[in-house]
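The next block holds one structure in the form of C-alpha cells; read it before the comments.
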Amino acid sequence: MTPPRVRIAPSILSADFAALGAAIAAVEQGGADLIHVDVMDGHFVPNITIGPPVVKSLKRVARVPLDVHLMITDPDRYAEAFVEAGADMLSVHVEVLPHLHRTITFIKSLGIQAGVVLNPSTPVALLEDIAGDVDFVLIMSVNPGFGGQKFIPKSLQKVGAVRALLDRAGNRAPIEIDGGIDRSNIAQAAAAGVDIFVAGSAIFHSADPAAATRALKDAATAVAS
Ligand code: DX5
Ligand code: ZN
C-alpha cells in the first residue's frame, strides 16, 4: 500500500519517558503515521537517550511503524540490534559513514527502509552517488541533540535541492524534516516538498498531544494536496 504524501512522525524525545506508552497512544489517536525515535549516544551528539531494549518495548505498544533516527558515531555496529528490536525505518547520518553505500545496502538487506540524514552544515552533494539507493532522506532543520530548538529556515532550500537530486536519480523516495517544526512553519515545509514531518515539542509540550498532531497534519495536508 502506498503511504499518504503527508506523514506526521511525533518525536517521543519530548514526551514523558515514564509514560511512553500513553504518549504513543495519544498521538496515534491524533493521526500519527509514524513514531520517531531519537537515539543518541553522547558522542555524535552531547545527549544520551535510548537503546534497543526500549525500542523493543515501544514496538509492543505502537500500532504505527517506528522511525528510528540514529545519532550515534557507529551506526554499523548497532543497526542490526535496532532492526531486531523493531525499527521499521532506520536513518543514519552521512557525517559518520565513509562507506555509506555499504551501510544502506546492509540496512535494506534486513528488510526495512534505510534513510540518510544530513546535518544543517552538510552539503546535499554528498548524496550525489547514493541518491538512487536510499528509501528516504532526512534533512535536519536544527543541529541534532536536543528537542525544542529553533527551526533553521535555510533548511527549506535544501529540501528542493534534495528533491531535484532524487528525481534525477529516478527515485521518488520521500523527504523527511526534523527539528523545530511547528504550526508556524509546517505549511512552508510542505510547500517546499517535505513528505514526512517530525515534531517533538510542538506535540508533547502542548496540553493535548492528539489535537496538536491532528492540527499539524491538517496544516501540512492543506498545502500538499
Ligand atoms: C533532534 C531530534 C529531533 C527532536 C525534534 O536532535 O532529532 O527529532 O526530537 O524535536 P523538536 O520538534 O522539539 O525540534
Ligand atoms: Zn530525530
Side-chain angles (χ1 to χ4, degrees), residues 7-17 20 23-24 26-27 30 32-51 54-55 58 62 64-73 75 78-79 82 87-96 113-122 135-156 158-159 174-190 194-207 209 211-217 219-220:
R7 281 180 281 172
I8 299 289
S11 164
I12 54 166
L13 184 63
S14 295
D16 176 359
F17 271 31
L20 289 176
I24 288 174
V27 295
D33 298 278
L34 304 164
I35 299 297
H36 186 81
V37 182
D38 287 306
V39 175
M40 306 186 186
D41 66 352
H43 291 274
F44 179 60
V45 291
N47 207 357
I48 300 178
T49 56
I50 68 178
V54 176
V55 172
L58 299 177
V64 299
L66 298 183
D67 168 32
V68 178
H69 175 192
L70 295 184
M71 285 160 277
I72 63 179
T73 52
Y78 295 101
F82 282 101
D88 299 280
M89 298 164 67
L90 195 64
S91 56
V92 295
H93 273 260
V94 306
E95 297 85 8
V96 295
Q113 298 215 323
V116 290
V117 194
L118 297 175
N119 273 338
S121 65
T122 303
D135 291 319
F136 64 103
V137 175
L138 170 48
I139 297 173
M140 290 307 304
S141 41
V142 298
N143 289 290
F146 302 94
Q149 301 182 81
K150 201 170 162 331
F151 180 75
I152 300 171
K154 195 158 184 276
S155 323
L156 294 184
K158 226 171 193 171
V159 175
I175 296 177
E176 181 172 23
I177 200 160
D178 184 3
I181 292 291
D182 60 22
R183 287 288 294 283
S184 76
N185 53 33
I186 194 164
Q188 274 176 288
V194 172
D195 306 285
I196 304 172
F197 303 82
V198 177
S201 50
I203 289 177
F204 290 109
H205 291 174
S206 82
T213 303
R214 175 66 59 199
L216 287 170
K217 193 168 176 172

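Note that ligands are numbered from 1 as they come in the structure, with each ligand's atoms numbered from 1 the same way.
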Quiz item: Is any side-chain heavy atom of Leu216 closer than 4.5 Å to a side-chain heavy atom of Arg183?
Solution: yes
Quiz item: Which of the atoms in ligand 1, numbered in the order shown and given with their element, are less than 4.0 Å from a heavy-atom of Ser201?
Solution: 11 (P), 12 (O), 13 (O)
Quiz prompt | Stepwise side chain to side chain contact (heavy atoms under 4.5 Å, CB included) check, Thr49 with Met71 | solution = CA-CA 10 Å; Thr49 56; Met71 285 160 277; over 6 Å; no
Quiz item: Who's the nearest protein heavy-atom neighbour of atom 9 (O) of ligand 1, and how far?
Solution: Ser11 OG, 2.8 Å
Practice problem: Output yes when the distance from some N or O of ligand 1 to some N or O of Gly145 is under 3.5 Å, and no in every other case. | Solution: yes
Exercise. Kindly report the ND1-the Zn ion (ligand 2)-OD2 angle for His69 and Asp178 respectively, rounded to 10°.
Key: 90°
Exercise. Have a look at the Zn ion (ligand 2) and estimate, to 10 degrees, the angle subtended by OD1 (Asp38) and NE2 (His36).
Key: 90°
Practice problem: On the 0 to 90° scale, with breaks at 30° and 60°, tag the His36-His69 ring pair as parallel, tilted or perpendicular. | Solution: tilted
Quiz prompt | Ile35 side chain near Leu58 side chain, heavy-atom distance below 4.5 Å | solution = no
Exercise. Specify the protein heavy atom at minimum distance from atom 12 (O) of ligand 1: its residue, its atom name, and the distance to 0.1 Å.
Key: Gly200 N, 2.8 Å
Self-check item: Contacting atoms of ligand 1, where contact means under 4.0 angstrom from a heavy atom of Gly179
Solution: 14 (O)
Quiz item: Does Ala199 have a heavy atom less than 4.0 Å from any atom of ligand 1?
Solution: yes
Quiz prompt | For atom 1 (C) of ligand 1, closest protein heavy-atom neighbour | solution = Phe146 O, 3.5 Å
Self-check item: Chi angles and distances behind the side chain to side chain contact (heavy atoms under 4.5 Å, CB included) call for His93, Thr122
Solution: CA-CA 10 Å; His93 273 260; Thr122 303; over 6 Å; no
Quiz item: Would you say Asn143 has any N or O atom under 3.5 Å from an N or O of ligand 1, going by distance alone?
Solution: no
Practice problem: Could you find the nearest protein heavy atom to atom 14 (O) of ligand 1 and give me its residue, atom name and distance? | Solution: Gly180 N, 2.8 Å
Quiz item: Would a 4.5 Å heavy-atom cut-off, applied to side chains only, mark Asp178 and Asp38 as touching?
Solution: yes
Quiz item: Heavy-atom contacts under 4.0 Å between Pro144 and ligand 1: side chain, backbone, both, or neither?
Solution: both
Exercise. May I ask you to list the atoms of ligand 1 that are less than 4.0 angstrom from any heavy atom of His36?
Key: 8 (O)
Quiz item: Mind checking whether Met89 and Asp135 have side chains closer than 4.5 Å, heavy atoms only?
Solution: no
Quiz item: Counting from 1, what ligand 1 atoms have a heavy atom of Asp178 closer than 4.0 Å?
Solution: 2 (C), 3 (C), 4 (C), 5 (C), 7 (O), 8 (O)
Practice problem: Work out whether the distance between some heavy atom of Met40 and some atom of ligand 1 is less than 4.0 Å. | Solution: yes
Exercise. State the atoms of ligand 1, each with its element, that fall below the 4.0 Å cut-off from a heavy-atom position in His69.
Key: 7 (O)
Quiz item: Would you say Ser141's side chain and Phe151's backbone share a donor-acceptor pair under 3.5 angstrom?
Solution: no
Quiz item: What atoms in ligand 1 come closer than 4.0 Å to a heavy atom of Met71?
Solution: 6 (O), 7 (O)
Practice problem: State whether the shortest distance between N or O atoms of Val198 and N or O atoms of ligand 1 falls below 3.5 angstrom. | Solution: no
Quiz item: Is it the case that more than 12 heavy atoms not belonging to Tyr78 sit under 6.0 Å from its OH atom?
Solution: no
Exercise. Pull out every atom of ligand 1 sitting under 4.0 Å from any heavy atom of Gly148, numbered as shown with elements.
Key: 11 (P), 13 (O), 14 (O)
Quiz prompt | Protein contact to atom 10 (O) of ligand 1 [nearest heavy atom, distance to 0.1 Å] | solution = Gly147 CA, 3.6 Å
Practice problem: Taking Gln113 for its side chain and Phe136 for its backbone only, find out whether a donor-acceptor pair lies under 3.5 Å. | Solution: no
Quiz prompt | Criterion side chain to side chain contact (heavy atoms under 4.5 Å, CB included) against Ile203, the qualifying member of Thr213, Asp182, Ile12 | solution = Thr213
Practice problem: Check Ile196, Val64, Ile181, Ile186 against Ile8 for a side chain to side chain contact (heavy atoms under 4.5 Å, CB included) and give me the one that passes. | Solution: Ile186
